[in-house]
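The structure under discussion appears below in the form of structure tokens.
All ligand and atom numbering here is 1-based and tracks the order in the structure. When a residue number appears, it is its place in the shown sequence, counting from 1.
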Amino acid sequence: MAGNPFEPFFQACESVSHCVQTHLSRLFLPPQADSRHPHSLSKETSLPLFSVFSKPPSATDDGSAPFRRKKEAKAAGPLTKEELGRATWTLLHAIAAQYPDQPTKQQKHDVKELMAIISRLYPCKECADHIKEVLKANPIQAGSQDEFSQWLCHIHNVVNRSLGKLIFPCNRVNARWGKLDCVDHNCDLQGSSDLTNQQR
Ligand SMILES: Cc1cc2nc3c(=O)[nH]c(=O)nc-3n(C[C@H](O)[C@H](O)[C@H](O)COP(=O)(O)OP(=O)(O)OC[C@H]3O[C@@H](n4cnc5c(N)ncnc54)[C@H](O)[C@@H]3O)c2cc1C
């Protein structure tokens, strides 16, 4: 009589239930690569045959899929240039998404100042120098929400291109960075219509 064909499967198992648990988890758990070294999959963290997180492309794909990244659980530590960049772009695109269709003079002045201040104070000298050049070649356009968000998308793409990254489709910018989900428009920008306290 032939031996048990599952013998190799059960070898080195403490018990049948331990064995089943171990093998099932290898089939279904998502891969756990070191987020700083995505290609560092070890034998222990090798890719599963199936992933409960893999999904076929859907009809609602907004075109920004190549840009989406997994939420990374990271131990506290010094901020990297990349993390700082992502956080800053998130703030800027969120401001652009909330920017009014008919901004006041003050709001137009404020976004111009904001970009100028970022170009002077951004805590990565290489990036600050870079954005100064980008702003010189691409003066801010903030006459409306659409104008500002498209301009911001464009300058983000200028930075992307210089870093060898993918170019984001700017017609998808509102799908990627929509209005904040705030109850009763609590997050809508308010603004006075003059430049009091702004003129220096
Ligand atoms: C002002 C500024 C200047 C920088 N200069 C440099 C530099 O000189 N050298 C350097 O190494 N790094 C620089 N960085 C950092 C760099 O731009 C990235 O933030 C960093 O490399 C991380 O890139 P990322 O691929 O995770 O996505 P990021 O470029 O940070 O983008 C974050 C998310 O925004 C979305 N996105 C991407 N492109 C666009 C777009 N055009 N419009 C709308 N949404 C978009 C995507 O969903 C993406 O995941 C700069 C950052 C800023 C804010």
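Counting heavy atoms under 4.0 Å from ligand 1, residue Leu92 does not touch it at all. Residue contacts with ligand 1, taken as heavy atom pairs separated by less than 4.0 Å, involve Ile131 solely via side-chain atoms from C-beta onward. At a heavy-atom cutoff of 4.0 Å, ligand 1 is contacted by both the backbone and the side chain of Arg86. The proximity of His154 to ligand 1, defined as any non-hydrogen pair under 4.0 Å, does not occur for either the backbone or the side chain. Contact annotation for Leu163 and ligand 1: only side-chain heavy atoms (C-beta onward) come within less than 4.0 Å of the ligand.
With a 4.5 Å cut-off on side-chain heavy atoms, Gln106 and Asp110 count as touching. Side-chain contact between His154 and Gln141 is absent, with no heavy atoms from C-beta onward closer than 4.5 Å. Side-chain atoms of Glu126 and Cys124, non-hydrogen and from C-beta on, do get closer than 4.5 Å to each other. Within the 4.5 Å cutoff, the side chain of Ile131 has heavy atoms near those of the Val134 side chain.
When the options Lys125, His156, Met115 are ranked by their closest heavy atom to atom 28 (P) of ligand 1, first place goes to His156. Of the listed residues (Cys127, Ser119, Cys124), the one carrying the non-hydrogen atom nearest atom 14 (N) of ligand 1 is Cys127.
For ligand 1 and His93, the ligand atoms under 4.0 Å from any heavy atom of the residue are 42 (N), 43 (C), 44 (N). Heavy-atom contacts of Lys165 reach the following atoms of ligand 1: 21 (O), 23 (O), 24 (P), 25 (O) (cutoff under 4.0 Å). Against a heavy-atom cut-off of under 4.0 Å, Lys81 is close to the following atoms of ligand 1: 10 (C), 11 (O).
Considering backbone and side-chain atoms together, Thr88 places no N or O closer than 3.5 Å to any N or O of ligand 1. Any N or O atom pair closer than 3.5 Å counts here, and Tyr122 shares no such pair with ligand 1.
Distance check: Thr88 OG1 to Tyr122 OH gives 3.5 Å after rounding to the nearest 0.5 Å. Phe148 CZ to Ile95 CD1: the interatomic distance, rounded to the nearest 0.5 Å, is 6.5 Å. The line from CH2 of Trp151 to SG of Cys170 is 12.0 Å long, rounded to the nearest 0.5 Å.
The pair Glu133-Lys136 counts as a salt bridge, with a side-chain nitrogen and a carboxylate oxygen less than 4.0 angstrom apart.
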